[in-house]
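Have a look at the structure below, then the notes.
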Amino acid sequence: MNMPLDYFVWAIVGQNRTFLVDTGFDAEVANQRGRTITHAVARGLNAIGIAPQSIEDVIVTHMHYDHAGNSDLFPNARFHVQDLEMSFCTGRCMCHGVLSHPFHVEDVKSMVGRVFAGRVVFHNGESTLAPGLSLHLVGGHTGGLQVVRIHTARGWVVLASDASHLYANIEDGRPFPGIYNLADMLEGYRTVNRLADSPAHVIPGHDPAVLEKYPSANHETNGWIVRVDLEPR
Ligand SMILES: [Zn+2]
Ligand SMILES: [Zn+2]
């Protein structure tokens with residue numbers, strides 16, 4: 001059975017700083033991949049009052065095309081990636097079509113350019129970026145996939161990204177096909193559950209149910225932008 005997938009980016013809006021988690025992909029890449037953009041990333045950010053040029057920190061959970069695109073949209077940002085993800089997407093594993101296919105080589109080249117421009121912050125394992133905001137290496141799906149833990153008004157929420165594409169993956173221990181290391185993926189479910197206050201605090205990477213469970217960001221964003229810092233329905 002083919003499960004429908006949604007594609008998300010996330011904004012972490014603090015008192016003084018905003019962090020973006022992943023950058024989505026643009027219309028050209030969507031075309032190449034046979035996907036449909038229902039709402040462009042820039043449009044979504046504008047709808048919640050965030051100008052893309054104002055973003056200073058982007059967390060890239062992993063370098064797959066659907067998480068690391070739109071390379072020109074954030075000219076003033078530094079990019080937070082795991083050491084293992086950069087070595088994974090620029091090294092030997094990319095000689096295998098099965099592993100390289102979900103990467104868009106132009107995104108990888110853009111990130112290498114940022115490395116040389118001093119705009120990448122490398123992380124190795126666990127890092128605290130701000131009070132109540134930390135990164136955690138999980139791997140499994142790719143060599144260096146990281147998840148993001150945020151303290152919100154309802155407690156510790158974890159943006160699992162592709163550590164769990166759908167609720168069913170983590171809830172049933174049933175891996176999504178798209179695996180670099182199965183053992184790390186299974187351990188990742190435990191890590192995510194340990195970091196989140198409850199299963200209702202885990203936000204999977206691609207599950208359309210996320211848009212049904214959480215309240216809309218504002219009255220204009222019904223059905224496409226939700227607030228996961230608020231209680232689910
Ligand atoms: Zn992925
Ligand atoms: Zn993905």
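Remember, it's 1-based here, ligands and their atoms both numbered in the order they're listed. Treat the numbers as computed from the prediction; the structure is a model and nothing was measured. No hydrogens, no waters, no symmetry mates; every other heavy atom, side chains included, goes into these values.
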- Query: What does the angle at the Zn ion (ligand 1) come to, between atom NE2 of H141 and atom ND1 of H64, rounded to 10°?
  - Reply: 90°
- Within-4.5 Å side-chain heavy-atom neighbours: F122 and M86: yes
- Query: Is the centre of the H206 ring less than 6.0 Å from the centre of the H67 ring?
  - Reply: yes
- Within H67, is some N, O or S atom less than 2.8 Å away from the Zn ion (ligand 2)? yes
- Query: Of all the N, O or S atoms in H62, which one sits nearest to the Zn ion (ligand 1)?
  - Reply: NE2
- Query: When the ring centroid of Y65 is compared with that of H104, is the distance short of 6.0 Å?
  - Reply: no
- Query: Got an N, O or S from H165 under 2.8 Å of the Zn ion (ligand 2)?
  - Reply: no
- Task: May I ask you to check if any N/O/S atom from D66 comes under 2.8 Å of the Zn ion (ligand 1)?
- Result: no
- Answer yes or no: are there more than 12 heavy-atom neighbours, outside R190 itself, under 6.0 Å from its atom CZ? no
- Item | Residue D162 atom name (nearest to the Zn ion (ligand 2); N/O/S) | OD2
- Message: For F74 together with F79, are the ring centres under 6.0 Å from each other?
- Response: no
